[in-house]
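Report on one structure; see the data block that follows.
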Number of protein chains: 2
Amino acid sequence: MAARAGVSIASASRVLNGIGGSAETVRKVRAAAAEVGYVPNAIARSLQSQRTGLVALAVADIGNPVYVAMMRAIEAVVASSGRQLLVHATGGEVASETALLRRLANRYVDGMIVSPIRITDEHLDAIVVSPVPVVVVGQLPDDAPVDNVRTDSRTGVALAVDHLLAAGRQRIGFVNGPLDTVPGAARDAGFRAALAGHGIPVDERLIEVGDFQYAAGRDAATRLLARADPDALLCANDLIAVGALHALLTEGRRVPQDVALVGMDDTELAQMAFPQLSSVSLGSATRGRRAAELLLERIADPDLPPRREHVAPSLAVRASSIPAVPASGVPAAPASSVPADPAPSVRADPAPSVPAVPAPAPGSRAPRSLTEGRRA
Amino acid sequence: MAARAGVSIASASRVLNGIGGSAETVRKVRAAAAEVGYVPNAIARSLQSQRTGLVALAVADIGNPVYVAMMRAIEAVVASSGRQLLVHATGGEVASETALLRRLANRYVDGMIVSPIRITDEHLDAIVVSPVPVVVVGQLPDDAPVDNVRTDSRTGVALAVDHLLAAGRQRIGFVNGPLDTVPGAARDAGFRAALAGHGIPVDERLIEVGDFQYAAGRDAATRLLARADPDALLCANDLIAVGALHALLTEGRRVPQDVALVGMDDTELAQMAFPQLSSVSLGSATRGRRAAELLLERIADPDLPPRREHVAPSLAVRASSIPAVPASGVPAAPASSVPADPAPSVRADPAPSVPAVPAPAPGSRAPRSLTEGRRA
DNA sequence: TTGTAGGCGTTATCAT
DNA sequence: ATGATAACGCCTACAA
């Protein structure tokens, strides 16, 4: 196509990249390009520039709305830098995650954000060794020299426990995820610590463990209800909470009158449920956004020192844990109508400002992905 | 590193790809590779092979569980061929989608699956012109020479209407998505046709339109309830249906006793709701799987004629539309306990068999993404 | 301003 | 079986 324009290949390249060129050359190149339908080859460009314009995200379960929220936030940042997001779901398996991390050496992406629910030395080794930047969302050993955005789910659990106790609940059940996961362990510790802080002994019959899925939550809650008699249920995430809600309603318990219910992650699911679920926000969108920003900064400058950021949890109180009005009639209406969403957790994420990809693709505006204009 | 091994660069390449080589050479190369920590560069390989090993998927809303299901199915197939999936969310915007399709000329992926809710001539032009294979999930003009997997949501709507009428419902409300979308238009037409088929006149007050989201469904249902008096509600997807459920319960209507509820897409959400929602399965997982298979076949052989596949809808009947037992007491228990999930829509998707990527990456097993071992 | 030439890291072809 | 060499498509000194 350079030939077609009657100019050198170099001139053509320059024109296409908007670098110099006489008016005449520019015209000829443009014409020839249009004529031939020339489009630059992304691969060749990557080989030359040593960048792919891709950023990867590895999460355990793409169906969990908490990761959807995180993904959206990440994608917004990534897209605003002219890059694209590649999503992996690992099923929470260590082998799958470490394989992914090692594959980074192939340089098929410019960076990776990973949110493991189990963290092993293999993870850390792979990350430290990796030639491409990695940011971890989640708890990490204190001395790990790795960019990291975390929250404190122990405190989050405490918020929920305090709230339930303040509302007069006495027997708080706890439906957790696997204890051999980082969040599972943290939430277990948080739950016990929170009770201890109020001088309340832990009743093991009020604690149940499954995985972080809906079905497990439903089943675990069913077991718990069968053997204990909680007046509140705290669940380690919203999927579990929705499962627990199903179990409660199936058993004929009223929520929140008989049993108050609180989830964690404060996802869309919490607001979709009926009654709407109180939920501990762990700032997943914020963590995602910050992680993406950290990653882009590191891509721009690999020599930055390792950074560690914290996002504070907060509690969104909704109908599922608000004491019912003592209305005696009308047994049909399941829940008191409270002004939903007191919104301690509603934040407007400001438009992020991050280092853009050095050579933004010329020509038409890059299509966003994952989030842009989400509402049809 | 070839130098380090004391062999030519070509020999090294051969050994690394497992092609021939004397025992001695192999040993030397392996040793040197380990020593230097050599990892093949994915970009350079792509430049040479003219393949990236990436397949893209473009959907409107990554938070809609129907796309999550589709994505999982696609990802399983894609991963089994040694490729990776790149997910884009377009927000259902035509501009965003066509931009994506045009970008295919950059060859940053080996193929794309797109599931547009609005299809324009621009889409078709871009697809036909595209140098990389594209498969469309969704309705398409009959003469479009494009690989295509579709379902018949008109028939799907009819299944639901027949079911509700058979259950003795008289006034079926319909909460639809935008009429200027392909699925919105099809479902509207299907609803009217189904009623007509039973000789029932259409009452426009029983039809409400929003978008395909939860909030819109809730609001639209609220409006509909305020002005009409349905004994059943059919919703254009499960997100809308869950929104409608929220509206119904908020208004104090019992489901299904006062109002039966049926969604569409038969997503996880339908089973998470309480009561569980009947839902029209449009075979999203199957469509996804077939689309991925078609795409891989076409990547393997670009000269295939355009293919068109159909996936039949079916109805999953659950508690939300099953006539309540005439129990007169106990007004608290919201729903009859029916053996949930008669599962006309439960299918075991057999492990797909598809053309694998010609040169599978040597070395460690490729990590799957998006779906593998989803349950932690 | 323009053209020539080298290289990004691989694989493939062709002699040897 | 091995080694030199030419692509793959692009960018970028460097020279003209």
Side-chain angles (χ1 to χ4, degrees), chain A residues 1-33 36-54 82 103-110 131-132 357-363, chain B residues 1-33 36-54 82 103-110 131-132 357-363:
Chain A
M1 95 86 179
R4 181 120 177 178
V7 300
S8 80
I9 222 174
S11 299
S13 171
R14 278 186 287 256
V15 168
L16 263 12
N17 289 329
I19 309 178
S22 70
E24 176 60 5
T25 332
V26 170
R27 197 190 50 70
K28 284 194 294 187
V29 172
R30 291 257 168 79
V36 189
Y38 171 85
V39 177
N41 181 307
I43 304 169
R45 184 184 293 218
S46 289
L47 182 58
Q48 157 69 29
S49 64
Q50 302 290 45
R51 293 180 297 95
T52 63
L54 289 176
R103 255 167 74 110
L104 286 177
N106 287 344
R107 306 184 149 284
Y108 71 107
V109 291
D110 295 339
V132 327
V357 56
Chain B
M1 95 85 178
R4 182 120 176 180
V7 300
S8 82
I9 202 174
S11 299
S13 172
R14 276 186 287 257
V15 169
L16 263 13
N17 289 329
I19 309 179
S22 71
E24 175 61 6
T25 330
V26 170
R27 197 190 50 71
K28 284 194 294 188
V29 171
R30 292 258 168 78
V36 190
Y38 170 84
V39 177
N41 181 308
I43 304 169
R45 184 183 290 216
S46 289
L47 181 59
Q48 160 67 29
S49 65
Q50 301 289 45
R51 293 180 297 96
T52 62
L54 289 176
R103 253 167 75 110
L104 286 176
N106 286 345
R107 306 184 148 284
Y108 70 109
V109 291
D110 295 340
V132 327
V357 57

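Throughout, a chain's letter reflects where its sequence line sits, starting with A, and its residues are numbered from 1.
Side-chain atoms of A:Asn106 never come within 3.5 Å of backbone atoms of A:Tyr108 as a donor-acceptor pair (strictly under, hydrogens ignored). Here the side chain of B:Ser13 pairs no donor or acceptor atom with the backbone of B:Ile9 at under 3.5 angstrom.
If you measure from atom CD1 of B:Ile19 to atom P of C:dA12, you get 6 Å, rounded to the nearest angstrom. Straight-line distance from the CD1 atom of B:Ile43 to the C1' atom of C:dT11: 16 Å, rounded to whole Å. Here the P atom of nucleotide C:dC8 and the CZ atom of A:Arg107 are 14 Å apart, to the nearest Å. What separates CZ of B:Arg51 from C1' of C:dT10 is a distance of 12 Å, to the nearest Å. We find that OH of B:Tyr108 is positioned 17 Å from P of D:dC10, with the value rounded to whole Å. The interatomic distance linking A:Leu16 (CG) with D:dC10 (C1') rounds to 11 Å, in whole Å.
Residues from residues 6-15 of chain A with heavy atoms under 4.0 angstrom of DNA chain C, sorted by number: A:Val7, A:Ser8, A:Ala10, A:Ser11, A:Arg14.
The CD atom of A:Gln48 sits 11.0 Å away from atom CG of B:Leu47, with the distance rounded to the nearest 0.5 Å.
Contact record, B:Leu104 with B:Pro131: O-CG, 4.4 Å, taken as the closest heavy-atom pair. In plain terms, the two heavy atoms of A:Ile43 and B:Thr52 that are nearest each other are CD1-CG2, 3.4 Å. In this structure, A:Ser11 and A:Thr25 approach most closely via the heavy-atom pair CB-CG2, 4.4 Å. For the pair A:Gly6 and A:Lys28, the tightest heavy-atom approach, listed with the atom from each and the gap, is O-NZ, 4.3 Å. The two residues B:Val132 and B:Asp110 have their closest heavy-atom pair at CB-O, 4.0 Å.
Taking side-chain N and O atoms only, A:Ser46 has no distance below 4.0 Å to OP1 or OP2 of C:dC8.
Counting heavy atoms from C-beta outward, A:Arg14 and A:Val7 have side chains that stay 4.5 Å or more apart. Proximity of B:Arg30 to B:Arg27: side-chain heavy atoms (C-beta onward) are nowhere separated by under 4.5 Å.
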Using a cut-off of under 3.5 Å, enumerate the N/O to N/O pairs linking the protein to nucleotides 7-9 of chain D.
from  : atom 1 : to      : atom 2 : distance (Å)
D:dC8 : O3'    : B:Gln50 : NE2    : 3.3
D:dG9 : OP1    : B:Gln50 : NE2    : 3.1

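Note that the two end axes of the helix from C:dT1-D:dA16 to C:dT16-D:dA1 enclose an angle of 50°, each drawn from 5 base pairs, rounded to 10 degrees.
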